[in-house]
Structures are given as C-alpha cells and as structure tokens.
Amino acid sequence: MSTTAPIPFMRLTLGADDAALREGIDRVLASGWFILGPELAAFENEFAAACGAAHAVGVGTGTDAIALALRALGIGPGDEVITTPLSAAYSALAVMMAGATPVFADIDLDRLTLDPAKVEAAVTSRTAAILPVHLYGQPADMTAIAAIGRRHNLAIVEDACQAHLASANGRPVGTIGAAGAFSFYPTKNLGALGDAGAIVTNDAPLAERLRRLRNGGQTDRYHHVEFGVNTRLDEIQAAVLRARLPLLPAWTTRRREIGARYRQALAGAPIIVPPERDPGHVYHLFPVRSARRDAAQADLRADGIETLIHYPVPIPEQPALAAIPSLPCPNANRVCSELFSLPLHPALTDDEVDRVAAAVQRLSAADAVGG
Ligand SMILES: Cc1ncc(COP(=O)(O)O)c(C=O)c1O
C-alpha cells in the first residue's frame with residue numbers, strides 16, 4: 001500500500017453498515033409503505049433511547065428540526081433567540097424560519113461555542129429562547145447557559161446537529177434544554193443517504209405537537225388544526241438510520257481515538273488546536289487555527305491532504321442576514337479567518353492520522369497565531 005495516497009477530507013462509501021443498510025432498504029421496498037410507517041416509529045424509539053430522551057420526532061432536515069422545536073415551544077414573530085455567530089448558517093436560518101429574530105452573542109475562544117457572559121449581556125425583554133450549538137461535536141457550556149435560561153425564564157433548544165451521543169458534564173446533549181435538534185445529513189456522525197433530522201425531548205405534549213407540525217398540522221388525515229409544514233423523515237431514510245445507529249457508539253469511540261491521536265501528534269505544531277473542554281466531545285470535526293490559513297491549506301494540499309473551512313463567514317456577516325442588526329462578535333470574526341478542519345472520520349487509519357499530523361508539523365512556524 002502506498003504511503004503517499006491522497007487523504008480526502010471524508011469517505012462516505014459503505015463499510016460495516018453495508019449489509020444491514022441494504023437489508024433495511026429492501027424491507028421498505030417490500031413493504032410498499034414509504035411515509036410515516038413502522039420504520040420511522042421504530043427509529044424514533046431507538047434514537048430516543050440512544051439519546052437518553054423520552055421522545056424523538058423524525059423530520060426532513062436538521063434545519064426543520066430547529067425551526068419546528070422553536071415553533072412548538074410557541075416562539076415566533078416578535079421573539080428574539082440568542083445564538084452563536086459561528087455555526088452552519090442553518091442554525092440562524094432556522095430561527096428565521098420560525099419567524100423569530102436571531103441575536104448573536106460572541107463565542108468563547110477556547111470552546112468556540114456561545115460565551116455565557118455574552119449570552120447574559122444579550123438578553124432583552126424580547127428574548128424568548130437560547131439556541132446553543134454543540135459545534136464540531138464539543139458541547140457548549142450548558143451548565144452556565146441553563147442557569148441563564150432559568151434566571152430569565154428562557155426556553156433552551158440545543159442545536160445538536162453535529163453532536164450525536166455527545167454529553168455535556170455527563171448529561172446527554174439534546175436532553176438538557178426543552179428540546180434538542182439533530183441532523184442526519186450524510187456527513188454527520190450518524191448520516192442518512194439523503195436529508196433527514198430529528199428532535200428529541202422529554203416533554204410528551206411537545207413531542208405530540210411536533211408530530212402534528214411536521215405533518216401539515218394534521219390531527220387526523222385531512223384535518224389541519226394548525227399551520228404545520230411538510231417535513232417528514234421517510235421510511236427509507238429511517239431504515240438506513242436504523243441500520244447505522246447500532247454502529248454509532250463504535251464510530252464515536254473511533255472519532256475520540258483519532259481526536260486524541262491528533263492532539264498528541266500535534267503538540268508543538270505551528271497551529272492552534274482548540275482544547276477539549278468536555279470528555280463528552282464526539283469529534284464531528286477537528287478544526288485548527290492558523291494565521292496563514294491559505295498557505296497552510298495549500299501546503300497540506302501539496303502533501304495530498306484535503307482540508308475544509310468550518311466556517312469562512314460569521315453568520316451575522318452573511319448577506320442573507322444583512323437586515324438583522326448584530327452585536328459585535330470579534331472572536332467569531334477572528335476565528336472565521338483562521339479556522340480549517342483536518343480530516344476526521346471513523347474510517348481514517350492511524351497511519352493517515354500520523355501523516356496528516358506530520359504534514360501539519362512541517363508547516364511554517366509563521367503559521368502560528370496567538371491565543
Ligand atoms: C450545527 C448545524 N446546525 C444545523 C444544521 C442543519 O442541518 P441540515 O443540513 O440537516 O438541515 C447543520 C448541518 O448542516 C449543522 O451543522
């Protein structure tokens with residue numbers, strides 16, 4: 001085997017999941033039932049159990065999961081939702097889909113998630129909720145954020161789209177706030193073969209309302225009691241997710257092993273490695289920071305190593321959000337110009353991790369940035 005084969009950022013070809021996945025799809029094809037059937041019901045039970053939650057409600061995307069969780073909690077026009085400027089823009093777009101206004105509080109430079117002091121400072125009489133994002137698989141500081149929520153009587157919806165099976169201070173993410181939103185986009189720690197998402201909650205009436213909202217607001221067939229949307233996790237994707245869910249604990253262990261191996265091998269490298277602040281981190285991504293990001297990425301590319309940027313633009317700076325005024329977010333602005341992500345997925349071998357780390361160690365010392 002060549003030791004210089006390119007290392008792509010991600011591999012989405014089938015592995016240990018292959019047989020179970022094809023079996024699941026065949027089961028659905030044979031059943032002739034494609035929407036809101038037994039596969040989804042079973043997946044919802046299995047995913048809720050895996051998350052330590054009482055209920056899971058499958059929806060079409062992680063974005064819809066966030067938007068519907070907010071709506072089911074009664075949050076909408078006139079309400080402000082405090083969230084992070086550093087995330088997939090979908091986090092904030094989902095707030096806007098619910099009709100509410102995102103208010104951006106800056107990030108903590110270590111965790112790269114919401115800074116609780118900035119959240120506290122952003123609370124106004126219109127604040128209705130906080131949407132922390134467990135970014136890159138690292139939980140936000142939920143102890144401090146939950147305390148702010150209690151003090152100001154705010155709902156908390158966790159964006160756990162990158163944090164399947166993560167825990168914050170030992171508590172499963174998604175179960176700390178009123179609801180948690182997950183994405184099963186194909187590249188996620190648990191991915192479908194298309195778009196899919198889910199909301200978990202311990203609140204039975206909330207789960208009931210979410211089941212209605214995802215299905216056009218219907219109670220019975222063709223009886224629409226409220227303004228819902230059409231966003232259902234279909235039977236084929238549910239069967240795919242059921243095939244993969246039993247593998248998720250081992251995949252998560254492998255992600256953590258790779259994270260630990262990178263941390264050790266990158267000691268002293270001319271980049272900043274954001275620290276692990278909670279052992280419940282599930283390493284969806286492995287971001288590092290460099291003052292000379294373009295050069296660093298180009299050098300790694302020359303070594304056959306593909307890296308990506310998560311994320312190049314702070315959400316408040318996106319043209320799509322130009323109409324929304326934002327508090328200053330200097331930390332987010334800074335890291336968006338420095339961050340890039342190294343390959344990390346369960347199929348990455350130790351040899352590949354070592355090759356990536358060695359290439360990063362060879363980057364110019366001028367790439368380092370101050371903390
Ligand atoms: C943190 C975060 N929130 C929300 C989303 C939206 O999820 P989806 O792509 O399933 O709509 C994603 C993924 O894109 C994400 O990474």
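Counting starts at 1 for both ligands and their atoms, following the listed order. From a predicted model like this one, the values you see are computed outputs, not experimental measurements.
- Listed by number with element, the atoms of ligand 1 under 4.0 Å from a non-hydrogen atom of G62 are 7 (O), 8 (P), 10 (O), 11 (O).
- Not a single side chain to side chain donor-acceptor pair (under 3.5 Å) links H345 to another residue, sequence neighbours left out.
- Taking all atoms of both residues into account, the shortest heavy-atom contact from A94 to T63 is CB-O, 3.5 Å.
- Annotation for ligand 1: atoms under 4.0 Å from non-hydrogen atoms of S87 are 1 (C).
- The side chain to side chain donor-acceptor pair (under 3.5 Å) check on R277 picks up D110, with sequence neighbours excluded.
- Ligand 1 has D159 within reach: a non-hydrogen atom of the residue lies less than 4.0 Å from it.
- The S183 neighbourhood of ligand 1 comprises atoms 7 (O), 8 (P), 10 (O), with distances under 4.0 Å to a heavy atom of that residue.
- Rounded to the nearest 0.5 Å, atoms CG (L93) and CG (L321) are 6.0 Å apart.
- Atom numbering of ligand 1 starts at 1 in the shown order; those under 4.0 Å from a heavy atom of A88 are 2 (C), 12 (C), 15 (C), 16 (O).
- To the nearest 0.5 Å, atom CG of residue D106 and atom OG of residue S326 are 8.5 Å apart.
- Of all the atoms in ligand 1, the ones that sit under 4.0 Å from a non-hydrogen atom of T63 are 6 (C), 7 (O), 8 (P), 11 (O).
- Residue V133 has at least one heavy-atom neighbour below 4.0 Å for each of these atoms of ligand 1: 1 (C).
- One option in H310, Q162, K188 has a heavy atom closer to atom 12 (C) of ligand 1 than any other, and that option is K188.
- Around atom 5 (C) of ligand 1, the closest heavy atom drawn from C161, A160, A92 belongs to C161.
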